[in-house]
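Being a predicted model, the structure only gives us computed values, none of them experimental.
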Amino acid sequence: MGWKRELLFFIVLVFCTFLPTFASVPFQPQETPLIIIEVLKQVDTTYAWLSPLIHISTLILIILLYKDGQKMGRITDIYFGILFLFFALSNNIAVTEQYGLVVITGNFIMFLAVGIFWIWEVYRPKNEYVFQRLSIWRYWVIPFIILAFWFPVGADLGPNFDPLLLLTSSFGITFCPTTPLAIAVLTLIYPKVNMVLLKVTSFVGLIIGLFNLLSLFIMPSYTLWLFTLHTPLILISFYGLVIHKIVSIPTD
């Protein structure tokens with residue numbers, strides 16, 4: 001994808017953020033944050049049973065990927081592709097008690113686009129999952145990955161460092177805690193990576209991360225701690241977008 005097509009595609013993604021949310025029950029625009037909260041509550045209620053399975057399967061995948069990335073590459077692409085397609089549907093479409101059927105249109109389209117790019121990578125692979133020794137500073141993403149994987153937040157949206165959340169947090173069933181891991185893996189194999197995939201995933205991640213920053217001011221009950229747990233999404237997404245500018249590629 002040439003830079004002009006990339007730019008046009010990113011402009012389309014930004015435009016998607018302005019698409020109105022659909023609800024079968026009429027609502028005022030200022031109620032949109034409340035609708036998003038209702039949809040996310042449905043995700044936690046409906047798909048909580050999947051969380052331990054995805055936590056464990058992700059750990060197994062990462063171990064196998066590190067041991068033999070050449071064999072696990074396409075499986076990894078399929079895995080993340082399915083997760084992002086799942087996020088597109090589950091995180092943005094729900095039947096709520098107050099608003100009926102809800103579709104968060106812009107997020108749905110952006111998550112769907114990310115999922116399609118990961119699935120396309122399966123058919124036209126460019127990622128080479130070979131983890132070589134890197135400069136020590138490039139491993140800065142690892143503590144943030146652990147934080148996102150744990151996502152230690154309680155029902156009151158305050159800190160909750162219960163170790164059980166290492167298996168039961170919203171990682172794997174929601175976009176925000178899961179995306180930092182996908183991007184971080186790509187940054188650790190850079191430069192042998194599908195740059196379009198990395199940029200698209202990072203760009204959408206950064207948009208959603210910045211929305212969470214705004215949520216501090218516009219979303220009722222949104223806490224500073226919840227925003228803190230979204231810093232991996234913001235920082236790693238930004239890093240994924242600019243890595244080609246700050247990491248030099250060795251020449252033979």
Side-chain angles (χ1 to χ4, degrees), residues 1 6 9 50 53-88 111-151 166 171-206 209 232-252:
M1 184 185 294
E6 281 187 22
F9 186 73
L50 274 175
L53 298 176
I54 298 178
H55 276 78
I56 293 171
S57 62
T58 300
L59 287 174
I60 294 172
L61 177 69
I62 295 301
I63 292 170
L64 295 177
L65 186 62
Y66 179 77
K67 287 186 173 182
D68 195 345
Q70 297 284 29
K71 290 184 179 179
M72 295 299 297
R74 288 195 174 182
I75 295 175
T76 301
D77 296 330
I78 292 171
Y79 185 78
F80 284 119
I82 291 174
L83 280 182
F84 283 116
L85 293 177
F86 168 72
F87 297 151
F111 294 4
L112 183 64
V114 174
I116 290 173
F117 272 92
W118 277 92
I119 296 299
W120 184 249
E121 167 65 16
V122 177
Y123 295 98
R124 296 288 181 87
K126 294 182 179 179
N127 293 332
E128 295 183 25
Y129 292 98
V130 178
F131 296 92
Q132 300 176 344
R133 182 175 296 179
L134 304 173
S135 300
I136 189 67
W137 72 266
R138 288 185 60 183
Y139 296 103
W140 71 269
V141 297
I142 293 178
F144 288 93
I145 294 172
I146 295 171
L147 179 63
F149 185 86
W150 191 359
F151 212 73
L166 288 166
F171 173 91
I173 60 174
T174 57
F175 177 91
C176 294
T178 314
T179 303
L181 174 63
I183 298 172
V185 168
L186 297 183
T187 67
L188 292 173
I189 63 171
Y190 178 85
K192 295 182 179 181
V193 68
N194 183 335
M195 282 304 301
V196 175
L197 174 64
L198 175 57
K199 288 180 180 179
V200 169
T201 308
S202 299
F203 189 74
V204 173
L206 185 59
L233 179 63
I234 296 173
L235 296 177
I236 296 178
S237 294
F238 179 75
Y239 176 55
L241 279 176
V242 302
I243 190 171
H244 64 290
K245 299 289 187 181
I246 61 177
V247 176
S248 59
I249 299 176
T251 56
D252 296 330

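- Side chain of Glu121 to main chain of Lys126: a donor-acceptor pair is present (N/O by atom type, distance under 3.5 Å, no hydrogens or angles).
- Going from atom CD1 of Ile236 over to atom CD1 of Ile234 covers 11.0 Å, rounded to the nearest 0.5 Å.
- Atom CG in Leu65 sits 13.5 Å away from atom CD1 in Ile60 (nearest 0.5 Å).
- Nearest heavy-atom pair, Leu134 versus Tyr139, reported as atom, atom and distance to 0.1 Å: N-OH, 3.2 Å.
- The shortest heavy-atom contact between Ile82 and Ile119 is N-CD1, 4.2 Å.
- More than 12 heavy atoms of other residues, nucleotides or ligands lie within 6.0 Å of CZ in Phe131, so this atom counts as buried by the packing criterion.
- Taken from CG in Leu206 to OG1 in Thr179, the straight-line distance is 11.5 Å, to the nearest 0.5 Å.
- Between Glu6 and Val196 the shortest side-chain heavy-atom distance falls below 4.5 Å.
- Using a 4.5 Å heavy-atom cutoff, the side chains of Gln132 and Lys192 are in contact.
- Side-chain contact between Ile183 and Val141 is absent, with no heavy-atom pair separated by less than 4.5 Å.
- The two residues Phe151 and Pro177 come nearest to each other via the heavy atoms CD1-CB, 3.8 Å.
- Across Leu197 and Thr201, no two heavy atoms sit closer than the pair O-OG1, 2.8 Å.
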Q: Would you check, one step at a time, whether the test side-chain contact (heavy atoms from CB on, under 4.5 Å) holds for Thr187 with Val247?
A: CA-CA 10 Å; Thr187 67; Val247 176; over 6 Å; no

Q: Could you go through the side-chain contact (heavy atoms from CB on, under 4.5 Å) check for Met72 and Lys67 one step at a time?
A: CA-CA 9 Å; Met72 295 299 297; Lys67 287 186 173 182; over 6 Å; no

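- A tilted orientation is assigned to the rings of Phe80 and Trp118, their planes being inclined by 30° to 60°.
- Remark: the backbone N or O of Phe149 is paired with a side-chain donor or acceptor of His55 at under 3.5 angstrom.
- Classified by interplanar angle (parallel below 30°, tilted 30° to 60°, perpendicular above 60°), the ring pair Phe84/Phe87 is perpendicular.
- Not one N or O on the side chain of Tyr239 forms a donor-acceptor pair closer than 3.5 Å with the backbone of Ser202.
- Ring pair Phe144/Trp140 is perpendicular by interplanar angle, where above 60° counts as perpendicular and below 30° as parallel.
- Between the OG1 atom of Thr58 and the CZ atom of Phe171 there is a distance of 4.0 Å, given to the nearest 0.5 Å.
- For Arg138 (side chain) and Tyr190 (main-chain N/O), a donor-acceptor pair under 3.5 Å exists by modelled atom type.
- Residues Phe9 and Val200 share a closest heavy-atom pair of CE2-CG2, 3.8 Å.
- Surrounding CD1 of Ile136 are at most 12 heavy atoms belonging to other residues, nucleotides or ligands under 6.0 Å away.
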(Q) Could you walk me through whether Tyr129 and Leu186 satisfy the side-chain contact (heavy atoms from CB on, under 4.5 Å) test, starting with their C-alpha distance in whole Å, then the side-chain angles of each, then the deciding distance to 0.1 Å, before giving a yes or no? (A) CA-CA 8 Å; Tyr129 292 98; Leu186 297 183; 4.0 Å; yes

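- Between the OH atom in Tyr123 and the CD1 atom in Ile78 there is a gap of 7.5 Å [rounded to 0.5 Å].
- Side-chain N or O atoms of Asn194 include none that pairs as donor or acceptor with a backbone N or O of Asn127 at under 3.5 Å.
- Contact between Ile54 and Tyr79 at its shortest, heavy atoms only, is O-OH, 3.4 Å.
- How far CG of Leu181 is from CD1 of Ile146: 11.0 Å, rounded to the nearest 0.5 Å.
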